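To find a chain, count down the sequence lines: A is the first, B the second, and so on, and within it residues start at 1. What you see is a predicted model; the values in this text were computed from it and never measured.
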There are 2 protein chains.
Amino acid sequence: MYEALFAYIKRYSNVPLTSNEIEIIHKSWVPQKLKKRETLLHRGEICKQTAFIVKGAMRQYSVDDSGNEHTIQLAIENWWIVDRESYLMRTPSVYNIEAWEDTQLLILKRKELEDILEFPAIKEMFWHMDQNNYIASQKRLNDAISLTALNRYENLLKYYPDFVKRFPQHIIASYLGIKKETLSRIRSQLSQQ
Amino acid sequence: MYEALFAYIKRYSNVPLTSNEIEIIHKSWVPQKLKKRETLLHRGEICKQTAFIVKGAMRQYSVDDSGNEHTIQLAIENWWIVDRESYLMRTPSVYNIEAWEDTQLLILKRKELEDILEFPAIKEMFWHMDQNNYIASQKRLNDAISLTALNRYENLLKYYPDFVKRFPQHIIASYLGIKKETLSRIRSQLSQQ
DNA sequence: GTTCTTTAATGACATATGTCATCGTTTCAG
DNA sequence: CTGAAACGATGACATATGTCATTAAAGAAC
C-alpha cells in the first residue's frame with residue numbers, strides 16, 4: 001500500500017528519509033477506500049485532505065449555473081488529487097472530487113501537513129508536486145486557448161490514453177471543454193480516416 | 001530598485017533574511033532594462049532567467065502553425081515572468097517573452113538559482129510563487145473551459161483591470177482565447193447596456 | 001434473465017465565433 | 001508636421017460548436 005507513496009517521494013527528492021520520518025509518514029497518511037461515485041469533496045466544503053491514489057480513478061469538476069459539469073482534473077494511480085487552493089488557504093472549494101472507479105487512497109489531513117513539512121524530503125516532494133502541477137496546467141491552458149477541439153482530443157489520446165480508456169465520453173468532453181455530442185462527432189470523423 | 005523584490009520575499013516567507021543573505025541576493029538578481037517590444041526569450045531558446053518586474057509590462061505568448069499568437073501570461077509590476085518549465089528543466093521553450101512597455105527587471109540567472117535556494121526564505125518564496133501560479137492557472141483553465149467569451153472578459157475587467165488598460169485589444173483577445181474582432185463586438189455589446 | 005440506467009451515435013437546427021475586407025482614428029518615428 | 005504603422009469598429013458571410021430530440025447498445029441492479 002505505502003510502497004507507491006514512498007517511491008513517489010523518492011523520485012521527487014534527493015534527500016533520504018530517516019527511519020523516524022518513515023514511521024511518522026506511515027502514521028500521517030491513512031488509507032481510505034471509496035466506491036465508484038463516492039465523493040471526497042463537495043463544493044462549498046473546505047478540502048481537508050491531500051490524497052495519493054494507490055489504485056483507481058478520480059475526477060475533480062465544477063458545476064456551472066446551467067448545471068453543466070466541467071472537469072478540471074482527471075487522476076489515476078500515482079497521481080495526487082486535492083483542491084490545493086482550498087486545502088492550503090482553508091477556503092470553501094468550488095469543486096467536487098469523486099471516485100470514478102472503486103479507489104484506494106492514502107490521505108494526508110491538513111492538520112498533519114504542518115508537522116510533516118518539517119521533513120526536507122517531504123517539503124522537496126510537495127514543491128515538485130506544485131511545480132509539476134503548475135507546468136501541467138499552464139500547458140493545458142495553452143492548449144485550451146490555442147488548439148481546436150479535434151487537436152485537444154488527439155493530444156489527450158497521445159499523452160494520456162488511459163484517461164480516454166477509463167472515463168466515459170461525457171467526462172472526457174467536459175475535460176476538453178466541449179459537449180459530448182461534439183466529442184462523439186470528432187471521434188466518428190477520426191474513425192473514418 | 002530592490003525594495004519591491006525584498007518586500008515580495010518578505011510577504012511570502014516568514015523566515016527573516018540574514019545580512020549575508022541580503023548581500024548575496026543583491027548580487028544574484030541583476031537589473032536589466034528592456035524597451036517596448038524587446039524580447040527576453042525567443043521560442044526555441046532555453047529560458048535562462050527568472051525576472052521580477054520592477055516597472056513596466058510584459059507578456060508571454062506562443063505562435064501556432066497559422067501564425068496566430070496566444071498569450072499565456074500577462075505581467076506587470078511585482079509579478080514574475082519566466083517560462084518555469086524551460087528554466088527548471090533546461091528544455092527549449094515554446095514561448096516568446098517580450099516587453100510591452102519600457103520595463104525595468106531584476107534578473108535571476110539559472111546558474112545563481114541553486115545557491116540562492118539554500119536560503120530558507122528564498123526557497124519559501126519560490127514555493128509560494130509556484131503554488132500561487134498553479135492555483136491561478138488552474139482557475140484560468142476552469143474559466144477557459146466553463147465560461148463564455150463574454151464572461152471571461154468581464155472577469156478580466158473585474159480582477160485585472162490594469163491588463164485591459166495597459167495592453168491593446170488584440171493581446172487581450174489572445175489572452176482570452178478569442179479573435180480581436182470578437183472582443184471588439186463583445187465590448188460594443190457591453191457599452192450599449 | 002429482465003429491467004432500469006447509462007452511454008454513445010446521429011439528424012435538424014440554433015448560436016457563437018472566426019474570416020476577410022474596409023474604413024476611420026490614433027500613435028509614433030523621422 | 002507628416003507619413004506609415006498600429007489599432008479598433010463593423011458588415012457579410014463561413015465554420016465550429018451547442019441544443020434538442022430520437023434511437024440503439026452496453027452495463028448495472030435486482
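The CD-P distance, from Glu181(B) to dA9(D), rounds to 11 Å in whole Å. Distance Arg37(A) CZ to dA28(D) C1': 10 Å, rounded to the nearest Å. The distance from atom CD1 of Ile186(B) to atom P of dA9(D) is 12 Å, rounded to the nearest whole Å.
Each of Arg37(B), Lys36(B), Arg59(B) was compared with Glu98(B) under the side-chain hydrogen bond (donor to acceptor under 3.5 Å, both in side chains) criterion, and only Arg59(B) meets it. Remark: of the listed residues Val82(A), Leu40(A), Leu108(A), Leu40(A) is the sole one forming a side chain to side chain contact (heavy atoms under 4.5 Å, CB included) with Gln49(A).
The cationic atom of Arg110(A) (NZ for Lys, CZ for Arg) lies less than 6.0 Å from the six-membered ring centre of Tyr87(A) and within 45° of the ring axis.
The aromatic ring centroids of His42(B) and Tyr95(B) lie 6.0 Å or more from each other.
Residues Asn68(B) and Lys36(B) both approach DNA chain C. Their nearest nucleotides, taken by heavy-atom distance, put Asn68(B) toward the 5′ side. Each of Lys180(A) and Ser184(B) was assigned the nucleotide of DNA chain D with the nearest heavy atom; the assignment lying further toward the 5' end belongs to Ser184(B).
Take Lys180(A) and apply the side chain to side chain contact (heavy atoms under 4.5 Å, CB included) test, not counting sequence neighbours, and it matches His170(A), Ala173(A).
Here Lys10(B) does not pair with Glu3(B) in a salt bridge; the nearest charged N to carboxylate O distance is not below 4.0 Å.
A side-chain donor from one of Thr71(A) and Ser174(A) sits under 3.5 Å from a side-chain acceptor of the other.
On the nucleic acid side, DNA chain C contacts chain B at distances under 4.0 Å to non-hydrogen atoms, with the end points of that region at dT17(C) to dC20(C).
For the segment residues 166-179 of chain B, residues with any heavy atom less than 4.0 angstrom from an atom of DNA chain D are, sorted by number, Pro168(B), Gln169(B), His170(B).
With rounding to the nearest 0.5 angstrom, the CG atom of Asn151(B) is 11.0 Å from the CG atom of Leu176(B).
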